[in-house]
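Right, one structure below, let's go through it.
As the structure is a computational prediction, the values presented were derived from the model and not from experiment. Counting starts at 1 for both ligands and their atoms, in listed order.
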Amino acid sequence: MLGKIKATTGFIKEKTGFNGKIAIVLGSGLGGFADKVDIESTLDYAEIPNFPVTTVEGHSGKLIFGKVSGKNVVVMQGRFHYYEGYSMEELTFPVRVFKMLGIENYLLSNAAGGINPLFAVGDLMMIKDHINFFGRNPLIGKNMDELGPRFPDMTNAYNPGLRNLAKEIAKNNNLTLREGVYVGLTGPSFETPAEYRFFHSVGGDAVGMSTVPEVIVANHMKMKVFGVSVITNNGLDIAEDGNKHTEVLDVAAVAGPKTELLFSKLIEKI
Ligand code: HPA
């Protein structure tokens with residue numbers, strides 16, 4: 001595993017000469033952020049040794065290297081989901097590579113179903129904590145001591161400093177930024193009405209099918225994490241014709257400019 005991480009990192013360094021501290025993962029329908037990047041180079045996942053390849057509609061797979069707000073960034077356009085059939089180790093492989101590339105800040109977005117009655121469709125929710133409902137943990141197996149400890153602390157899994165910066169940015173830009181707990185689960189089926197109510201009753205504010213494995217691995221390696229969920233549907237008040245992936249993508253796209261503004265300003269201040 002360590003050999004693979006080193007080989008992939010070496011490949012990326014040689015191809016791009018990348019030297020930066022910020023990685024950004026674009027979730028469902030938020031690919032528009034890529035337009036904010038002064039692109040210097042790109043690598044398709046398919047050409048990167050040991051990288052998995054995405055399969056889900058609405059995600060294209062490439063790494064984009066360039067500048068946002070004058071800072072060097074690597075952007076992951078298209079992420080890997082557990083429901084696609086990857087192992088936890090495979091889908092968190094890019095996070096391992098980022099760390100070895102020198103990344104210190106791991107910023108991500110995702111689409112999620114709202115289960116806080118005060119949230120509206122289209123809202124942005126800054127993730128302050130998560131609940132792992134995948135029934136798996138990406139750190140199961142022999143610990144790689146070179147990368148991080150056997151029992152990593154998760155008390156501040158979503159970096160408080162970055163969250164404070166984002167709050168300040170939201171305030172100064174008249175942006176409504178909710179805050180809440182993200183419940184991560186495998187999917188790919190959406191939740192039943194009883195499940196949405198259950199996840200709300202145990203302390204969740206939004207549910208989604210990504211993020212948690214990557215955030216655990218990022219914390220294992222002491223990276224600072226910042227995450228935002230776009231609330232694409234209301235789990236407590238489900239539309240008459242049910243939940244649809246196309247609607248999730250539509251709402252995520254409409255909320256795109258707000259996420260883009262928040263991320264650009266945050267990157268400026270990191
Ligand atoms: N459940 C799980 N994942 C999601 C949802 C949802 O309601 N909406 C967007 N991603």
Heavy atoms only, cut-off 4.0 Å: how does Asn233 contact ligand 1, side chain, backbone, both, or neither?
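The side chain, only.
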Taking heavy atoms and a distance under 4.0 Å, where does Val207 meet ligand 1: side chain, backbone, both or neither?
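It is both parts that get close, each with some atom under 4.0 Å.
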Can you find a heavy atom in the side chain of Lys15 that is under 4.5 Å from one in the side chain of Leu43?
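With C-beta onward as the side chain, the pair touches.
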Can you tell if the side chain of Phe226 reaches within under 4.5 Å of the side chain of Leu262, non-hydrogen atoms only?
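In contact.
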Just to confirm my output: which protein heavy-atom neighbour is closest to [atom], and how far is it?
atom	answer
atom 7 (O) of ligand 1	Tyr196 OH, 2.6 Å
atom 2 (C) of ligand 1	Glu191 OE1, 3.3 Å
atom 9 (C) of ligand 1	Thr232 OG1, 3.3 Å
atom 10 (N) of ligand 1	Ala111 O, 3.4 Å

Between Arg150 and His220, a side-chain donor and acceptor under 3.5 Å:
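No, no side-chain donor-acceptor contact under 3.5 Å.
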Does at least one non-hydrogen atom of Gly235 fall below 4.0 angstrom from an atom of ligand 1?
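No, Gly235 has no heavy atoms under 4.0 Å from ligand 1.
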State if Ala112 counts as touching ligand 1 under the rule of any non-hydrogen atom under 4.0 Å.
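Ala112 counts as a contact of ligand 1 under the 4.0 Å cut-off.
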Taking the ring of Phe199 and the ring of Phe133, is the distance between their centroids below 6.0 Å?
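Aromatic pair counts; centres sit under 6.0 Å.
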Enumerate the atoms of ligand 1 whose separation from the nearest heavy atom of Gly208 is less than 4.0 angstrom.
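Counting atoms of ligand 1 from 1, those under 4.0 Å from Gly208 are 2 (C), 3 (N).
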With side chain to side chain donor-acceptor pair (under 3.5 Å) as the test, would you mind laying out the steps for Lys21 and Asn105 before giving the verdict?
CA-CA 6 Å; Lys21 295 186 174 2; Asn105 303 277; over 6 Å; no
Return a table of donor-acceptor pairs under 3.5 angstrom between the side chains of residues 159-168 and protein atoms on other chains or two or more places apart.
unit_1 : atom_1 : unit_2 : atom_2 : d
Asn159 : OD1    : Gly161 : N      : 3.1
Asn159 : OD1    : Leu162 : N      : 3.0
Arg163 : NE     : Tyr158 : O      : 3.0
Arg163 : NH2    : Tyr158 : O      : 3.1

Would Gly113 count as being in polar contact with ligand 1, using the rule that some N or O on each side must be under 3.5 angstrom apart?
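There is such a contact, yes.
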Atom CD1 of Ile127 and atom CD of Glu179: how far apart are they, to the nearest 0.5 Å?
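Taking CD1 in Ile127 and CD in Glu179, the distance rounds to 11.0 Å.
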